Amino acid sequence: MEFRHLGRSGLMVSEISYGNWITHGSQVEEDAAFACVRAALDVGITTFDTADVYAGTRAEDVLGRALEGERREGLEIFTKVYWPTGPGRNDRGLSRKHIMESINGSLRRLRTDYVDLYQAHRYDHSTPLEETMEAFADVVHSGKALYIGVSEWKASEIREAHRLARELRIPLVSNQPQYSMLWRVIESEVVPTSEELGIGQIVWSPIAQGVLSGKYLPGQPPPAGSRATDEKSGASFISRFMTDEVLTRVQRLKPLAEQAGLSMAQLAVAWVLQNPNVSSAIVGATRPEQVHDNVKATGVKLDAELLKAIDEIIDPIVERDPARTESPAERP
Ligand SMILES: NC(=O)c1ccc[n+]([C@@H]2O[C@H](COP(=O)([O-])OP(=O)(O)OC[C@H]3O[C@@H](n4cnc5c(N)ncnc54)[C@H](OP(=O)(O)O)[C@@H]3O)[C@@H](O)[C@H]2O)c1
């Protein structure tokens with residue numbers, strides 16, 4: 001496993017990290033969840049990403065138990081706050097009240113005294129940014145989080161938060177956007193701003209939720225047990241990629257992956273890691289074999305000719321519009 005700095009901070013993270021959205025506490029049974037975390041640790045992944053909202057807070061609990069007994073200093077544990085964690089109107093968003101309550105719940109479920117990175121899961125248009133950043137500053141100053149990050153924030157939002165973070169003397173070091181060969185909306189605005197400010201990207205769904213593994217065939221039913229068959233939530237999230245045009249063009253990448261000596265999933269993960277502003281690619285997995293497959297993308301260099309050939313195949317299906325970086329206009 002290779003390691004990178006998280007943005008311009010001194011914190012090192014594994015360039016491939018493991019995340020448990022949709023899987024833990026929901027799509028997969030607990031023994032499979034534990035086996036995937038074990039596989040991640042065994043292949044040298046030290047960075048784990050979750051969120052208070054995943055599986056109605058159960059995902060943090062599963063991850064906390066799966067990591068119990070590991071040396072805490074050898075891990076980087078990331079979680080997030082914003083999406084609803086309860087029925088109340090204050091069980092959501094980035095108010096001081098919800099941030100202070102949610103960090104305590106996350107630490108309890110994760111069975112740790114602190115998280116390495118605490119992330120604003122979206123921008124909250126109903127809370128003054130000053131209130132949010134002051135609450136984050138108190139979380140950091142009380143030792144409950146070491147670094148602060150955001151997720152799916154626009155370049156202008158990142159810039160303003162960074163200015164406040166400097167005033168408050170807290171380290172805002174990362175953004176967590178969706179990024180893959182198929183979803184490149186951060187490239188024109190978020191990445192240049194982040195590079196200037198020393199913020200690193202921790203990118204999600206680098207395999208486009210499994211689509212870039214090439215296992216979904218156009219005109220065929222999805223393989224049994226795959227995310228596209230998960231009625232609880234996976235199927236609706238992956239549906240944006242499940243069109244014949246996308247699946248047909250993705251199949252055309254297979255010979256390129258073979259020529260490069262990579263599996264399709266490895267090619268997808270290696271592709272996002274070619275961007276120097278990416279600090280880590282968060283992969284999900286329902287089985288340990290997927291972790292073993294994906295991790296081989298670490299340290300892989302893709303040459304310019306291969307990158308060009310990929311672009312020629314998928315250009316019509318790539319989303320690049322920076323306006324697709326967005327948070328709900330109102331709190332969910
Ligand atoms: N900040 C945010 O708003 C946000 C949003 C989404 C995700 N995230 C983070 O990003 C993490 C990763 O997201 P993701 O799970 O969508 O990422 P992903 O790595 O693109 O997709 C993971 C899924 O693809 C399938 N898969 C993985 N490796 C495979 C392989 N080698 N061969 C075949 N299928 C494979 C598995 O699903 P099946 O086996 O079920 O097909 C797996 O659960 C999340 O856990 C979370 O930590 C953050």
Side-chain angles (χ1 to χ4, degrees), residues 1-5 13-19 43-45 47 175-192 194-195 200-218 223 226-227 238 240-285 289-322 324:
M1 176 57 59
E2 299 206 359
F3 295 82
R4 296 184 181 194
H5 282 271
V13 293
S14 50
E15 67 175 15
I16 297 176
S17 42
Y18 178 79
V43 298
I45 289 175
T47 306
N175 176 47
Q176 187 175 130
Q178 179 175 181
Y179 188 49
S180 69
M181 278 178 208
L182 301 179
W183 194 267
R184 306 190 194 174
V185 306
I186 58 171
E187 286 181 347
S188 60
E189 295 179 3
V190 167
V191 166
S194 298
E195 278 173 336
Q201 313 299 320
I202 305 159
V203 304
W204 58 268
S205 296
I207 312 171
Q209 304 196 39
V211 167
L212 287 169
S213 74
K215 69 181 173 186
Y216 296 108
L217 303 174
S226 61
R227 184 172 296 185
I238 201 175
R240 69 171 71 132
F241 297 119
M242 297 294 288
T243 66
D244 276 356
E245 193 189 5
V246 169
L247 301 183
T248 302
R249 286 188 183 271
V250 167
Q251 288 305 310
R252 289 176 51 200
L253 296 174
K254 272 190 176 154
L256 298 182
E258 272 161 28
Q259 271 166 33
L262 299 170
S263 73
M264 289 278 280
Q266 288 160 12
L267 180 69
V269 177
W271 188 92
V272 299
L273 290 172
Q274 305 307 297
N275 184 328
N277 190 229
V278 171
S279 298
S280 189
I282 323 172
V283 298
E289 305 86 86
Q290 294 175 344
V291 176
H292 289 128
D293 180 8
N294 303 343
V295 78
K296 295 197 188 89
T298 187
V300 169
K301 298 270 171 299
L302 304 180
D303 63 37
E305 214 173 296
L306 173 58
L307 294 172
K308 190 162 163 272
I310 291 172
D311 280 353
E312 278 166 7
I313 292 171
I314 60 176
D315 189 58
I317 55 168
V318 174
E319 181 59 66
R320 299 175 190 273
D321 181 1
R324 300 301 297 271

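Please read all numbers here as calculations on a predicted model, not as lab measurements.
- Closest non-hydrogen pair, I45 versus I16, comes out as CG1-O, 3.5 Å.
- Taking E319 as the reference, R324 meet the side-chain hydrogen bond (donor to acceptor under 3.5 Å, both in side chains) condition, with sequence neighbours excluded.
- In this structure, F241 and Q178 approach most closely via the heavy-atom pair CZ-OE1, 3.5 Å.
- In this structure the side chain of M264 reaches within 4.5 angstrom of the side chain of V250, judged on heavy atoms.
- Between V211 and I238, some side-chain heavy-atom pair lies under the 4.5 Å cut-off.
- Panel note: side chain S279, backbone I202; no donor-acceptor pair is recorded below 3.5 Å.
- Every residue was checked against the salt bridge (charged side-chain N to carboxylate O under 4.0 Å, His left out) condition with E305, not counting sequence neighbours, and none meets it.
- Of all heavy-atom pairs spanning A208 and L182, the tightest one is CB-CD1, 4.1 Å.
- Looking at residues two or more places apart in sequence or on another chain, you find no side-chain contact (heavy atoms from CB on, under 4.5 Å) involving P276.
- A donor-acceptor pair under 3.5 Å links the side-chain atoms of Q274 to the main chain of L302, judged by distance alone.
- L217 CG to T248 OG1: the interatomic distance, rounded to the nearest 0.5 Å, is 9.5 Å.
- Residues passing the side-chain hydrogen bond (donor to acceptor under 3.5 Å, both in side chains) test with Q201 are N175, S194, N277, sequence neighbours excluded.
- The side-chain hydrogen bond (donor to acceptor under 3.5 Å, both in side chains) test applied to Q251 returns K254, not counting sequence neighbours.
- Of the possible donor and acceptor atoms, none in the side chain of S213 sits under 3.5 Å from a partner among the backbone N and O of A265.
- None of I207, V295, D293, I282 except one satisfies the side-chain contact (heavy atoms from CB on, under 4.5 Å) rule with V269; the exception is I207.
- Partners of E15 by side-chain hydrogen bond (donor to acceptor under 3.5 Å, both in side chains), not counting sequence neighbours, listed by chain and number: R4, T298.
- Shown here are the salt bridge (charged side-chain N to carboxylate O under 4.0 Å, His left out) partners of K308, two or more places apart in sequence or in another chain: E312.
- The line from CG of L212 to CD1 of I314 is 7.0 Å long, rounded to the nearest 0.5 Å.
- Across every non-hydrogen atom of Q290 and A285, the tightest pair is OE1-CA, 3.2 Å.
- No side-chain heavy atom of S180 sits under 4.5 Å from any side-chain heavy atom of S205.
- Applying the salt bridge (charged side-chain N to carboxylate O under 4.0 Å, His left out) test to every pair with at least one member in residues 256-271, sequence neighbours left out, gives no pairs at all.
- Taking CD1 from I313 and CZ from R252, the interatomic distance works out to 5.5 Å, rounded to the nearest 0.5 Å.
- S188 OG to D321 CG: the interatomic distance, rounded to the nearest 0.5 Å, is 8.0 Å.
- Taking the side-chain contact (heavy atoms from CB on, under 4.5 Å) definition, one finds that K296 meets it with Q266, sequence neighbours left out.
- Proximity of V283 to P206: side-chain heavy atoms (C-beta onward) are separated by under 4.5 Å at one or more points.
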- Item | Worked verdict on L306 versus L267 for side-chain contact (heavy atoms from CB on, under 4.5 Å) | CA-CA 10 Å; L306 173 58; L267 180 69; 4.1 Å; yes

- Message: Could you walk me through whether V246 and R240 satisfy the side-chain contact (heavy atoms from CB on, under 4.5 Å) test, starting with their C-alpha distance in whole Å, then the side-chain angles of each, then the deciding distance to 0.1 Å, before giving a yes or no?
- Response: CA-CA 9 Å; V246 169; R240 69 171 71 132; over 6 Å; no

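- Listed by chain and number, the residues in a side-chain contact (heavy atoms from CB on, under 4.5 Å) with E187 are Y179, R184, W271, R320 (sequence neighbours excluded).
- Judged as a side-chain contact (heavy atoms from CB on, under 4.5 Å), and not counting sequence neighbours, the contacts of P223 are K215, Y216, S226.
- With sequence neighbours excluded, no residue forms a salt bridge (charged side-chain N to carboxylate O under 4.0 Å, His left out) with E189.
- A heavy-atom distance below 4.5 Å is found between the side chains of V203 and P177.
- Checking S280 against S17 by side-chain atom types alone, a donor-acceptor pair falls below 3.5 Å.
- Here the CG-CD distance, from L262 to Q259, works out to 11.0 Å after rounding to the nearest 0.5 Å.
- Atoms CD and NE2, on E289 and H292 in that order, are 8.5 Å from each other to the nearest 0.5 Å.
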